[in-house]
Amino acid sequence: MRLFNKVAIIGVGLIGGSFGLALKKKSLAKEIIGIGHRQKSINQALKAGAIDQGYLGLDHLKEADLVVLSAPVKEIINILPKLKNLTGEDCLIIDAGSTKSAIIKIAEKHKLRFIGCHPLAGMEKKGPENARADLFMNSLCLLVPPKKYNSQDLSRARKLWEALGARTLILNSALHDRILAFTSHLPHAVVFSLIDCLKSEYLKFGAGGLKDTTRIGLSDPLLWKDIFLTNRKELLAAINTFEKSLRGLKLLIKNNDDGALKAYLEKSRDKRNGL
């Protein structure tokens, strides 16, 4: 079931590479090109079969009817203004960024045919060599349209992600960034901080609990730097909430409050069961 003739994926790492593989597996596009800034990544994406052709510049977008921005958030923000003159009038532009307000603002300013997308799928590994055709299967993809958008564009984006096996949900950019600050960005911030406070000589004593808890600390620092800074306001609010909860736990331990501590832990465990 072909949905697009020519798809251009800008950023052929884990997400972009997986997107290309998924498109191919489902026969959703006639041609897929990859665009990056490192020939090594292009070559790896070609070897993995995620793209048909690869380029280092943005000069091959004119005939694309879908452009997918799968790069760090600040890079997406820098690329968006250039797309108005590089794409055709009927080209749909989507992204896979983890924050949305700053991206939506730029897309609106330049009057692009844009639908923000955030597939809640991924892993701590990076690069097209780790791409998987089934990465989005049974995942949730958040669709974040601008204030003014073409309903047909939103429908095309939804149809695309559902064809890749994902469920879709529509959110506005402010709510998206507030929710993700707690469910994604804060956990990464906590884990990076936890690892930072550990003495290196203690690591050899770490067992399964520490490894499981800190797995996402292996994530790409360049990617997460951009996420933290482009969602600074909401992330700081989430960190403040976390600090309040941690101070509460600290006080229960300090006061040797057996009953209240047990209740706190049980409440957290029961909430975790809701995942």
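Both backbone and side-chain heavy atoms feed into the values below; hydrogens, waters and symmetry mates do not.
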Contact between Ile103 and Ile77 at the side-chain level, heavy atoms closer than 4.5 Å - yes or no? yes
If you round to the nearest 0.5 Å, how far is CZ of Arg38 from CG of Asn43? 10.5 Å
Evaluate whether atom CG of Asn273 has more than 12 neighbouring non-hydrogen atoms of other residues, nucleotides or ligands under 6.0 angstrom away. yes
Say whether, by atom type as modelled, one donor and one acceptor occur between the side chain of Asp177 and the main chain of Ser101 under 3.5 angstrom. yes
Separation between CG of Leu249 and OH of Tyr264, rounded to the nearest 0.5 Å: 4.5 Å
Return yes if some donor-acceptor pair links the side-chain N/O of Lys74 with the main-chain N/O of Leu223 below 3.5 Å, else return no. no
Does Ser155 reach the main-chain N or O of Ser151 with its side chain, forming a donor-acceptor pair under 3.5 Å? no
Indicate yes or no for a side-chain donor-acceptor contact from Asn130 to the backbone of Lys126 under 3.5 Å, with no hydrogens or angles considered. yes
Test: ring pair (Phe, Tyr, Trp, His ring centres under 6.0 Å). Region: residues 85-106. Which pairs qualify, not counting sequence neighbours? none
Are Leu175 and Arg178 packed together at the side-chain level, in the sense that at least one heavy-atom pair is separated by less than 4.5 angstrom? yes
Show your working on side-chain contact (heavy atoms from CB on, under 4.5 Å) between Val144 and Ser173 and close with a plain yes or no. CA-CA 6 Å; Val144 188; Ser173 59; 3.9 Å; yes
Report yes or no: do Trp224 and Ile216 belong to one cluster of Ile/Leu/Val/Met/Phe/Trp/Tyr joined by side chain heavy-atom distances under 4.5 Å? no
Any ion pair linking Asp52 and Lys24 (charged N to carboxylate O, less than 4.0 Å)? yes
Using the salt bridge (Lys or Arg N to Asp or Glu O under 4.0 Å) rule, pick out the option among Arg158, Lys148, Arg113 that qualifies with Asp153. Arg113
Can Leu135 be reached from Leu69 by stepping across I, L, V, M, F, W or Y side chains whose heavy atoms are under 4.5 Å apart? no
Heavy-atom pair with the smallest gap, counting every atom of Lys26 and Met137: NZ-CE, 4.0 Å
Is there a side-chain contact between Thr183 and Leu120, using heavy atoms and a 4.5 Å cut-off? no
Is there side-chain contact between Ile179 and Leu142, with heavy atoms separated by less than 4.5 Å? no
CG-NZ distance between Asn240 and Lys244, expressed to the nearest 0.5 angstrom: 10.5 Å
Please determine whether residues Ile104 and Ile227 belong to a single hydrophobic cluster, defined as Ile, Leu, Val, Met, Phe, Trp and Tyr linked transitively by side-chain heavy-atom distances below 4.5 Å. yes
Between Ile94 and Trp161, the two heavy atoms sitting closest are CD1-NE1, 4.2 Å
Assess whether side-chain contact (heavy atoms from CB on, under 4.5 Å) is satisfied between Leu80 and Phe114, documenting all intermediate values. CA-CA 10 Å; Leu80 275 173; Phe114 178 83; 4.2 Å; yes
Heavy-atom check, side chain of Phe182 versus side chain of Phe242, under 4.5 Å: no
So which heavy atom on Asp226 is nearest to which on Val73, and how close? OD2-N, 3.7 Å
His176 and side-chain hydrogen bond (donor to acceptor under 3.5 Å, both in side chains): which single residue from His118, Lys100, Glu234 fits? His118
Pairwise distance CG(Asn85) to OG1(Thr87) - rounded to 0.5 angstrom: 8.0 Å
Between Thr168 (side chain only) and Cys141 (backbone N and O only), is there a donor and an acceptor less than 3.5 Å apart? no
Would a distance-only check, ignoring hydrogens and angles, find a side-chain to backbone donor-acceptor pair under 3.5 Å from Thr241 to Ala237? yes
What's the spacing between Asn231 CG and Leu236 CG if we round to 0.5 Å? 9.0 Å
side-chain contact (heavy atoms from CB on, under 4.5 Å) for Leu169 and Leu143? Distances and angles first, verdict last. CA-CA 6 Å; Leu169 181 67; Leu143 303 180; over 6 Å; no
Crowding at NZ, Lys225 (>12 non-hydrogen neighbours, <6.0 Å): yes
Transitively linked via ILVMFWY side-chain contacts under 4.5 Å: Val67 with Leu23? no
For the pair Lys84 (side chain) and Lys111 (backbone), establish whether a donor and an acceptor sit closer than 3.5 Å, ignoring hydrogens and angles. yes
Quick check on Gln39: does its CD atom have over 12 non-hydrogen neighbours (other residues, nucleotides or ligands) under 6.0 Å away? yes
Heavy atoms only: give me the nearest Arg156-Asp65 pair and the separation to one decimal. NH2-O, 3.6 Å
Please confirm whether the backbone N or O of Gly97 pairs with a side-chain atom of Asp95, one donor and one acceptor, at under 3.5 Å? yes
Check: Leu210 and Phe205 side chains under 4.5 Å, non-hydrogen atoms: no
Ile170 and Phe136: same hydrophobic cluster, using ILVMFWY side-chain contacts below 4.5 Å? yes
Side-chain (Ser184) to main-chain (Leu180) donor-acceptor, under 3.5 angstrom: no
So which heavy atom on Val7 is nearest to which on Ala29, and how close? CG2-CB, 3.7 Å
Please determine which of Leu66, Leu112, Ile79 meets the side chain to side chain contact (heavy atoms under 4.5 Å, CB included) test together with Ile93. Leu112
Atom CD1 in Ile106, atom CG in Leu83: separation rounded to 0.5 Å? 11.5 Å
Could you give me the CA-CA distance, side-chain angles and deciding distance for Ile32 and Ile51, then say whether side-chain contact (heavy atoms from CB on, under 4.5 Å) is met? CA-CA 5 Å; Ile32 303 171; Ile51 58 176; 4.0 Å; yes
Any idea which heavy atoms bring His185 and Ser98 closest together, and the distance? NE2-O, 3.3 Å
Return each pair, listed once, that meets ring pair (Phe, Tyr, Trp, His ring centres under 6.0 Å) where at least one residue sits in residues 25-62; pairs must be two or more places apart or across chains. Tyr55-His60
Around atom CZ of Arg272, are there more than 12 heavy atoms from other residues, nucleotides or ligands closer than 6.0 Å? no
